Amino acid sequence: MIVTTVHVYVKTDRINDFINACVENHNASVKEPGNLRFDILQSTENETEFTLYEAYDSIESSKAHKETEHYNKWKNTVADWMEKPRSGKPHRVIAPVDIKKWK
């Protein structure tokens with residue numbers, strides 16, 4: 001299993017647009033083979049700060065996500081709405097290791 005956290009800072013006037021684009025991407029991403037979670041989080045301390053939490057059953061499934069039409073649409077749509085480039089960090093899952101506990 002692999003989890004990637006993506007940190008994004010969005011321009012204030014694009015927050016609602018960003019949320020809408022993320023929800024559209026989320027709705028398609030959770031249907032992908034190998035997807036375990038795809039969460040969109042907004043900071044309660046800074047409304048322009050978002051974290052995307054993406055969990056996949058394998059590195060291959062995570063890589064396949066980046067080749068989907070909906071991901072590329074999201075990436076191209078939101079690029080100009082960011083205050084600075086997004087940063088993603090992959091993580092190895094320590095617990096839970098039982099994949100049945102992810103859904």
Side-chain angles (χ1 to χ4, degrees):
M1 287 182 281
I2 183 118
V3 170
T4 302
T5 54
V6 181
H7 301 280
V8 183
Y9 291 86
V10 178
K11 295 175 183 174
T12 305
D13 63 330
R14 295 307 235 161
I15 290 173
N16 289 332
D17 295 327
F18 180 79
I19 290 171
N20 291 334
C22 285
V23 169
E24 182 178 331
N25 184 42
H26 159 86
N27 289 338
S29 297
V30 297
K31 296 175 185 173
E32 293 173 25
N35 178 269
L36 302 173
R37 293 196 67 83
F38 200 98
D39 301 338
I40 305 162
L41 309 172
Q42 183 180 27
S43 171
T44 57
E45 297 174 353
N46 177 357
E47 69 177 355
T48 69
E49 182 181 353
F50 292 82
T51 301
L52 308 180
Y53 182 94
E54 307 171 8
Y56 285 88
D57 65 0
S58 67
I59 291 172
E60 293 77 21
S61 295
S62 178
K63 287 181 181 177
H65 165 67
K66 293 176 181 69
E67 297 172 5
T68 62
E69 183 178 333
H70 58 269
Y71 167 77
N72 284 293
K73 178 183 178 187
W74 173 84
K75 180 178 73 169
N76 294 326
T77 299
V78 304
D80 292 336
W81 302 346
M82 297 181 189
E83 283 291 341
K84 58 184 177 180
R86 69 187 188 283
S87 64
K89 182 182 277 189
H91 302 273
R92 180 172 58 96
V93 175
I94 304 300
V97 293
D98 183 353
I99 202 164
K100 294 175 193 158
K101 294 183 178 181
W102 280 84
K103 293 264 181 174

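Note that the numbering runs from 1 along the sequence shown for the chain. Everything numeric here is computed off the predicted structure, so don't read it as measured data.
For the atom pair Ile15 CD1 and Glu47 CD, the distance stands at 3.5 Å (nearest 0.5 Å). Taking OH from Tyr71 and CD from Glu32, the interatomic distance works out to 11.0 Å, rounded to the nearest 0.5 Å. In this structure, Ser62 OG and Tyr56 OH are separated by 6.5 Å, a value rounded to the nearest 0.5 Å. Between Tyr53 atom OH and Leu36 atom CG the span is 9.0 Å, to the nearest 0.5 Å. In this structure, Asp80 CG and Lys11 NZ are separated by 6.0 Å, a value rounded to the nearest 0.5 Å. In this structure, the separation between CG on Asn72 and CG on Asn25 is 9.5 Å, given to the nearest 0.5 Å.
Under a cut-off of 6.0 angstrom, the local environment of NZ in Lys31 is sparse, with at most 12 non-hydrogen atoms contributed by other residues, nucleotides or ligands. Atom CG of Asp13 has more than 12 neighbouring heavy atoms from other residues, nucleotides or ligands inside a 6.0 Å radius.
Asp39 and Arg37 are joined by a salt bridge, as a carboxylate oxygen and a charged side-chain nitrogen come within less than 4.0 angstrom of each other.
Minimum heavy-atom separation, Ser61 to Gly34: OG-CA, 3.7 Å. Contact record, Ser58 with Ile2: O-CG2, 3.5 Å, taken as the closest heavy-atom pair. Residues Val78 and Ala21 approach most closely at CG1-CB, 3.8 Å, considering heavy atoms. Between Val93 and Met1, the shortest heavy-atom distance links the atoms CG2-CB, 3.8 Å. Here the closest heavy-atom approach between residue Arg86 and residue Val6 is recorded as CD-CG1, 4.0 Å.
Considering only residues two or more places apart in sequence or on other chains, Lys73 meets the salt bridge (Lys or Arg N to Asp or Glu O under 4.0 Å) condition with Glu24. For Val23, the side chain to side chain contact (heavy atoms under 4.5 Å, CB included) test picks out Ile19, Asn27, Ile40, with sequence neighbours left out.
Looking at heavy atoms from C-beta onward, Glu54 lies out of side-chain contact with His26 at the 4.5 angstrom threshold. With a 4.5 Å cut-off on side-chain heavy atoms, Asn35 and His65 do not count as touching.
Cluster membership for Ile99 and Val3, using ILVMFWY side-chain heavy atoms within less than 4.5 angstrom, is shared. Criterion: ILVMFWY side-chain heavy atoms under 4.5 Å apart, direct or through other members. Under it, Phe50 and Phe38 are not part of a common hydrophobic cluster.
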